[in-house]
Structure formats: C-alpha cells, structure tokens
Amino acid sequence: MPDPQEVNVNPAFRDRLARAVQSVTGRNAATVDTAGMPVLTPLQPVDLRDNETVGEVLEVAMKVGEVLLDSGTGAVDTEAQVRYVAATYGIDDVTVSVTYNAINVSVQRGRGLPRRRTCAR
C-alpha cells in the first residue's frame with residue numbers, strides 16, 4: 001500500500017473530496033490541509049543572493065506565523081504555512097522552528113552564501 005504522503009492526487013479531485021468530507025462531517029479543513037492549494041505567485045522567484053530581499057520574504061513569512069499563532073493555530077500548521085509563504089517566493093530550503101515564545105526562520109541560500117536567520121516574538 002503506498003504512503004498517503006507520496007500519492008499524487010488531481011487538485012480538482014482533492015478539492016471535491018475535501019468539500020464532500022466537510023459536508024458529511026461538518027468540519028472545516030485544517031490550515032495545513034489547504035497549504036498545497038494553488039495560489040498566485042510572484043512573476044519570478046527572488047534572488048537568493050540579495051540578502052535584503054530574502055530578509056523581507058522571511059519577515060513576511062514570520063509575520064504570517066505570528067498572526068496564526070496569536071489566533072490559536074497549532075505549531076505544526078504554523079510551520080507549514082511559514083514554509084509555504086517562503087516557497088511562494090522561491091525560497092525552498094527553509095527551516096522553521098515554532099515554540100511558545102519564539103518563531104525562528106532560517107534559509108540556506110546556496111553554496112558560498114551565509115545562512116539568513118530571522119527570529120520573532
């Protein structure tokens with residue numbers, strides 16, 4: 001039996017299935033369940049060599065995480081959303097750590113470039 005995480009599902013089918021489950025159970029999807037849905041993306045990914053731009057993207061991702069935590073979202077869902085925001089801008093190698101009193105976000109930008117880190121709370 002294949003691992004459910006590895007199965008590729010047609011997005012339209014996934015959406016119909018999610019709506020069907022919601023109508024039967026009366027529950028809304030968790031935040032992490034909506035993380036893979038298509039969104040508008042920038043015209044092109046940010047330049048990972050530009051320290052300031054990478055920092056701005058990490059700040060936005062971290063602010064999203066702060067809002068989610070303040071509204072009661074769990075740490076796992078918050079981490080997934082922070083990673084998703086960064087990936088939207090082309091920053092894929094992101095490490096996110098969420099605790100009760102801090103959100104740490106860092107990215108490995110590539111060979112020869114220093115790691116960029118941001119911390120909030």
Side-chain angles (χ1 to χ4, degrees):
M1 181 171 191
D3 182 12
Q5 298 290 339
E6 296 177 9
V7 175
N8 291 329
V9 177
N10 180 339
F13 175 75
R14 182 188 62 216
D15 294 343
R16 284 195 314 268
L17 182 62
R19 282 193 298 273
V21 169
Q22 180 181 356
S23 68
V24 170
T25 63
R27 292 181 28 209
N28 290 329
T31 305
V32 75
D33 295 335
T34 61
M37 296 192 172
V39 297
L40 295 174
T41 57
L43 295 177
Q44 63 186 44
V46 297
D47 182 8
L48 294 177
R49 295 171 296 185
D50 185 356
N51 197 34
E52 186 175 328
T53 303
V54 170
E56 289 173 0
V57 170
L58 294 183
E59 286 290 327
V60 168
M62 200 170 44
K63 295 287 185 193
V64 168
E66 286 182 61
V67 169
L68 289 170
L69 275 181
D70 288 344
S71 65
T73 303
V76 172
D77 287 347
T78 300
E79 287 178 13
Q81 289 297 327
V82 170
R83 279 192 199 94
Y84 186 65
V85 170
T88 301
Y89 290 92
I91 302 175
D92 295 321
D93 193 9
V94 177
T95 303
V96 181
S97 173
V98 176
T99 64
Y100 289 111
N101 54 0
I103 300 174
N104 294 302
V105 182
S106 64
V107 59
Q108 182 61 45
R109 299 185 298 153
R111 188 178 203 135
L113 294 171
R115 197 167 181 83
R116 174 68 189 205
R117 297 169 198 246
T118 306
C119 181
R121 279 282 212 192

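Small disclaimer: the values here were computed from a predicted structure and weren't measured.
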How long is the gap from CG on Leu58 to CG on Asn104, to the nearest 0.5 Å?
11.5 Å
Looking only at non-hydrogen atoms, find the nearest pair between Tyr84 and Thr88 and report the distance.
O-OG1, 2.8 Å
Do you know which two heavy atoms are closest between Ala75 and Val98, and how far apart they sit?
CB-CG1, 4.0 Å
What are the two closest non-hydrogen atoms of Gly90 and Pro45, and how far apart are they?
CA-CB, 3.8 Å
Any side-chain heavy atom of Ile91 within less than 4.5 Å of one from Val54?
yes
Asp92 meets the salt bridge (Lys or Arg N to Asp or Glu O under 4.0 Å) criterion, sequence neighbours left out, with none
Which of Val105, Thr95, Val96 passes side chain to side chain contact (heavy atoms under 4.5 Å, CB included) with Glu79? It is Val96
Could I get the full list of side chain to side chain contact (heavy atoms under 4.5 Å, CB included) partners for Asp47, not counting sequence neighbours?
Arg49, Asp50
Which heavy atom of Ala61 sits nearest to which heavy atom of Ala86, and what is that distance?
CB-N, 4.3 Å
If I take atom CD from residue Glu59 and atom CD from residue Glu52, how far apart are they, to the nearest 0.5 angstrom?
11.5 Å
Checking Thr73 side chain against Leu69 main chain: does a donor-acceptor pair fall under 3.5 Å?
no
